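The structure under discussion appears below in the form of structure tokens.
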Protein chains: 2
Amino acid sequence: MARKTGSHSDITGPRVRAAALKLFAAHGFAAVSMRQIAAEVGVQAGALYLYTPDKQSLLFDLLRDHMQEVLDAWEAEEKPEGPVAQLETFSRFHIRFHLERPEKVFISYMELRNLEPDNFEALGQMRRQYENALEGILKRGQDEGLFDVDDTKLTTLALISMLNGVTSWYKPDGRLSLARVESIYSDMAGKAVRMPRWKERQRKLEAKQAAE
Amino acid sequence: MARKTGSHSDITGPRVRAAALKLFAAHGFAAVSMRQIAAEVGVQAGALYLYTPDKQSLLFDLLRDHMQEVLDAWEAEEKPEGPVAQLETFSRFHIRFHLERPEKVFISYMELRNLEPDNFEALGQMRRQYENALEGILKRGQDEGLFDVDDTKLTTLALISMLNGVTSWYKPDGRLSLARVESIYSDMAGKAVRMPRWKERQRKLEAKQAAE
DNA sequence: GTCTATAAATCGATAGAC
DNA sequence: GTCTATCGATTTATAGAC
């Protein structure tokens with residue numbers, strides 16, 4: 001059965017999104033024109049509107065799908081017992097997941113301000129959901145006396161900022177392997193929030209004295 | 001002596017830059033038009049070109065002047081003795097300086113990609129110069145056995161990412177005072193790189209045994 | 001020093017041929 | 001499904017009146 005010439009709806013759609021992702025990451029949403037995206041795909045500008053109602057939806061769909069993918073992946077990640085191991089799992093997961101999708105991560109937080117209000121709010125809710133996963137770990141660690149954190153919310157944001165920073169310099173063929181970067185960052189995250197051993201000993205000592 | 005009506009070269013110039021800063025920070029360089037900037041200043045679009053040769057220079061001047069201000073301010077900062085205290089000084093300086101100029105900090109790293117190649121390179125050199133100030137502290141601390149850092153360059157970037165993150169959520173009238181945010185972040189930075197006491201004891205013990 | 005007017009290019013999005 | 005052509009709005013930047 002002969003196929004109609006130029007009928008590629010099933011593959012052109014994803015190619016449009018891939019081109020938009022690439023160009024938004026490289027030059028910024030506002031600086032990229034629909035004609036540039038079309039050229040990257042290899043079609044004319046008008047053809048793009050078969051796959052997206054407008055430019056804004058193109059951006060929103062990319063960001064929403066990415067955040068959903070993060071949330072699903074963390075949900076599916078196997079969690080060890082105890083806040084200390086969970087923090088390491090989270091740090092390594094975050095680094096790995098983000099380094100495997102550098103462009104999506106980049107636009108997910110560079111282009112938030114180019115979302116229309118409703119879309120912005122929707123993304124904000126998903127982001128907070130992800131932050132809550134980390135804050136939950138910190139809270140449990142704090143309750144169990146394993147972490148020494150001044151403010152779990154602030155610390156959550158500080159750790160995520162630190163982990164996100166990796167995307168701004170990491171190069172897959174660079175000096176450091178992904179596994180090593182994962183280790184260094186998760187070590188730093190752990191050390192930044194763990195209860196120091198001397199403090200823990202002092203705490204136990206005081207508890208013992210109070211019991212006498 | 002009568003002053004010519006509408007002659008405000010001395011004050012309009014800074015007002016143009018202030019308006020550009022405000023709008024670039026709020027909406028992004030590419031999304032802001034010269035007409036919007038002119039409206040913010042209260043003049044017509046054509047008048048802007050008395051104060052800048054083009055839109056690109058307006059952005060570059062803002063970013064370059066900001067980076068120069070950072071470098072000068074760190075140069076002028078009083079440095080204590082020893083890497084541990086210096087790291088705290090750096091952390092507190094960075095947090096304070098950046099929170100006092102949220103818009104400049106924001107565009108300084110959101111709008112880098114909108115710089116033309118030569119301008120981009122110039123900014124990159126200034127940024128590396130600032131990073132080197134922190135890396136120098138980490139290196140000295142590492143040499144003196146006070147820090148336990150896997151890789152000084154990577155750690156430098158991780159710490160700066162963490163400290164920069166504060167600008168994305170801090171509100172002057174929020175729950176936490178500037179002094180408290182400074183303390184929490186500098187504590188986290190210190191803990192993330194400091195040699196743990198037990199490790200330091202072990203190191204001294206081994207050195208002693210080796211000497212016997 | 002600021003204005004109005006405008007040039008020349010480009011933008012997002014649509015209409016209609018094939 | 002893709003193309004060409006185009007509308008209408010907007011862009012940066014300049015020219016010239018005042």
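Here is the naming used below: chain letters follow the sequence lines, and residue numbers restart at 1 for every chain. Quick caveat: nothing in here was measured; it's all calculated off a predicted structure.
At whole-Å resolution of the value, CD in A:Glu116 and P in C:dG12 are 14 Å apart. Atoms CG (A:Asp54) and C1' (C:dC11) sit 14 Å apart, rounded to a whole Å. The OH atom of A:Tyr51 sits 17 Å away from the P atom of C:dA13 (whole-angstrom rounding). Atom CE in A:Met34 sits roughly 20 Å away from atom P in D:dA9 (whole-Å rounding). Rounded to whole Å, the distance from OH on B:Tyr49 to P on C:dA7 is 17 Å. Atom CD1 of A:Ile37 and atom P of C:dT10 are 17 Å apart (whole Å). In this entry the distance linking CD1 of B:Ile11 with C1' of C:dG1 reads 12 Å, nearest Å.
Ion pairing of A:Lys104 with A:Asp65 is absent here, as no side-chain N (NZ or NE/NH1/NH2) approaches a carboxylate O to less than 4.0 Å. Ionic pairing of A:Arg140 and A:Glu144 is not present here: no N-O contact between side-chain nitrogen and carboxylate oxygen is shorter than 4.0 angstrom. A salt bridge is absent between B:Glu40 and B:Arg15; no separation between the charged side-chain nitrogens and carboxylate oxygens falls under 4.0 Å.
Between the side chains of A:Glu131 and A:Thr156, no donor-acceptor pair is found at a separation under 3.5 Å.
Taking the side chain of A:Ser33 as heavy atoms from C-beta on, and the options D:dA13, D:dC3, C:dG12, the nearest nucleotide is C:dG12. Comparing D:dT6, D:dG1, D:dA13 by their closest approach to the side chain of A:Arg35 singles out D:dT6. Here the side chain of B:Val43 is nearest to one of D:dA13, C:dC3, C:dA13, namely C:dC3.
At the heavy-atom level, A:Val41 lies nowhere under 4.0 Å from the strands shown.
Residues from residues 55-65 of chain A placing a heavy atom under 4.0 Å of any atom in DNA chain D do not occur.
Note on ring orientation: taking the six-membered ring where Trp is involved, the planes of A:Phe90 and A:Phe93 are tilted (angle from 30° to 60°).
OP1 or OP2 of C:dT4 has at least one side-chain nitrogen or oxygen of B:Gln44 nearer than 4.0 Å. Side-chain nitrogen and oxygen atoms of B:Thr12 include none within less than 4.0 Å of the OP1 or OP2 phosphate oxygen of C:dG1.
Taking the ring centre of A:Trp74 as origin, the terminal cationic atom of A:Lys79 falls inside the region bounded by 6.0 Å and 45° from the ring axis. Geometric assessment of A:Arg128 against the ring of A:Tyr130 yields a negative cation-pi assignment under the 6.0 Å and 45° thresholds.
In terms of position on DNA chain C, the residue among A:Pro53 and A:Ala31 whose nearest nucleotide sits closer to the 5' end is A:Ala31.
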